[in-house]
Each structure stands twice: as structure tokens, then as C-alpha cells.
Protein chains: 2
Amino acid sequence: MRTPSHPRPQELELPNVLHALSDPVRLEIVRALDGGSELACSCLGPPVSKSTLSHHLKVLRESGITSTRAEGTQRLVSLRTEDLEACFPGLLGCVLSGLDRQAV
Amino acid sequence: MRTPSHPRPQELELPNVLHALSDPVRLEIVRALDGGSELACSCLGPPVSKSTLSHHLKVLRESGITSTRAEGTQRLVSLRTEDLEACFPGLLGCVLSGLDRQAV
DNA sequence: CGGGTCGTTCGAAGCTTTTCGAAAGATCAA
DNA sequence: TTGATCTTTCGAAAAGCTTCGAACGACCCG
């Protein structure tokens, strides 16, 4: 299983990033990754089928929000915190704290 | 022409707000409103048909990003800067500066 | 009242998104 | 090799989004 390709930092586009963040399932995934942990697909997100989860991870990866790395039979997913901070300073933090605020 | 209804601050939802901001036409509208000006529909956004513009303004309004006020035959649209800041601190600013950064 | 301007709503076309189960691919362990 | 595990891809259904023109509604000025 190969590590898939990721957009380069200068290729990140704001509408894509915002769109990727506008889905509740994907927000949940982003929240689970907050803190810098590198998690396998099976640890992420609310209960959806594995094909659905795979789809959402693809959207996050292709928008530049997450990074996915092959490790044996697993895929380890993490946030591209630094690249996001360089492209859209503060954005990820705002979204995460907005999430917490609404999590109630 | 009546002033339409708007969601209350506590009703703003992060996925809705992010979705509303994830469209290039709507981002353009938000950028035009940045600075606090109150603009008529006809002053906003890239060249799209008026029904399309009306639709995008409705999405922005219903997500809580903009406020629309009737003034004679016009509708004056403005950003709900304070409400957004209260619900999702920093978000609007990040998005606007990210926009500038990509505007090139 | 009549006509003009501003904006919304309706109806529709084309495209994308979300979701799932079934099947296939990749890796490891025995 | 065979089987088990983890994940992606395929195919498909249902829902939603973006866009437009045409029609309508609200308001203002002569």
C-alpha cells in the first residue's frame, strides 16, 4: 500500500480547505487529530462505513488538511498543522476552538 | 419588501458557516463587505445573474454571516462581524486574510 | 395609476456530494 | 501459500449545489 500524494503548500486553496472543513464527519476527524497525534483510519470519526470514512479522508488529504502515511497495512493520518498555519494563519485554531465551543 | 429573518447568534453552526464560505462567489461577496460597508446586492460579487446572486446572499444570510436590511427597493447587506466574532473568534479575520493572500 | 428599478421565487438542467455494500489490493503472520 | 487485517476502489442511489431565465412582488417617481 503506497502513501498517496498530497498537494504542496502553495497549492492549497481556501475554498477547498473551507469546503473540506464544512462537513460534520470531517470536522470530527480533524478534532480527533488535534494535538498532533497520528492515528489509523480505524480510530477516526463517528461511526460510518469504512468506504465513507475513506472518502472523507481523501477529501481532507486532497484539500491539504491532513497527511497520510503508509505504515504496514495501516494508514497513519495526521494534521498538516504547519502547512496550514503558513497558508492560512490561525484558521485551523479558530475552527478547532469553534468546534469545542459548540460541542457542548 | 420585507427585511428577511436571520438566525440568532446562538443558532450559528460552524459547518454551515464554513460551507457558506467555501464558494468563490460567496467569498468574493464577503470580501466586498469587509470594512463594514453596507452594500446593495447590485454592488456585490463577480458577474453572475441576479437570481444566482440572490441565492448566494440567501446562503450567507441563513448561515449567519451577513445581515440584510430592506431600504426602499434596495436590500442593504453587511457582515455580522460582531456576532461571528462572538461565536467563532478570529474566523472571519483568518478567512479574509487568507483570501488576500491568495488573491495575487 | 403606470412604468421603471430592485430583488426574490419558481422551475429546470447539469453537476457534485454523501453514503453504502461488494469487491479488490496490500501487507503481515503462520 | 493461505488466511487475516486494514484500507481503497467501484458501482449505484439519493440528496444537494450552482446556475440560469422567466415570472412575480415590492417600492418609488412622475
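Reminder, nothing fancy here: chain letters follow the sequence lines and each chain counts from 1.
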Completion exercise
R61(B) atom CZ is separated from dG7(C) atom C1', nearest whole Å, by 11 Å
Handout entry: Protein-nucleotide distance (K58(A), atom NZ; dT8(D), atom P), rounded to Å
Key = 10 Å
Exercise for the section: Identify the heavy atoms of P15(A) and Q102(B) that sit nearest to each other, and give their distance. Expected result: CD-OE1, 4.5 Å
Completion exercise
From the list L79(A), L44(A), V59(A), side-chain contact (heavy atoms from CB on, under 4.5 Å) with T66(A) holds only for L79(A)
Handout entry: d(CD, E62(A); P, dT8(D)) in whole Å
Key = 11 Å
Exercise for the section: Kindly check if the number of other-residue, nucleotide or ligand heavy atoms within 6.0 Å of CD (E11(A)) is above 12? Expected result: yes
Practice task
Measure from the side chain of C41(B), starting at C-beta and using heavy atoms only, and say which of dC6(D), dT5(C), dG7(C) lies closest.
Solution key: dG7(C)
Problem - OP1 or OP2 of dC6(C) under 4.0 Å from side-chain N/O of R75(B) - result: no
Handout entry: Rounded distance [0.5 Å steps], CG in L91(A) versus CG in L96(A)
Key = 9.5 Å
Exercise for the section: Measure the distance from CD1 on I29(B) to C1' on dG7(C) and round it to the nearest whole Å. Expected result: 14 Å
Completion exercise
Per-nt protein contacts along nucleotides 13-21 of chain D (heavy atom under 4.0 Å; B base, S backbone sugar-phosphate only, - none) come out as -----SBBB
Fill in the blank from the handout: Here the distance between atom C1' of dT8(D) and atom CD of Q74(A), to the nearest Å, is 15 Å
Exercise for the section: Give the rounded distance in Å between these two atoms: CG of L76(A) and P of dT8(D). Expected result: 11 Å
Practice task
List in chain and number order the residues that pass side-chain contact (heavy atoms from CB on, under 4.5 Å) with R31(A), two or more places apart in sequence or in another chain; answer none if no residue qualifies.
Solution key: E28(A), L99(A), D100(A), A103(A)
Handout entry: Exceeds 12 heavy-atom contacts within 6.0 angstrom, atom CD of E82(A)
Key = no
Handout entry: Nearest to side-chain heavy atoms of S54(A), which nucleotide of dT8(D), dT7(D), dT9(C)
Key = dT8(D)
Practice task
Would you mind reading off the distance between L60(B) atom CG and dT8(C) atom P, rounded to a whole angstrom?
Solution key: 12 Å
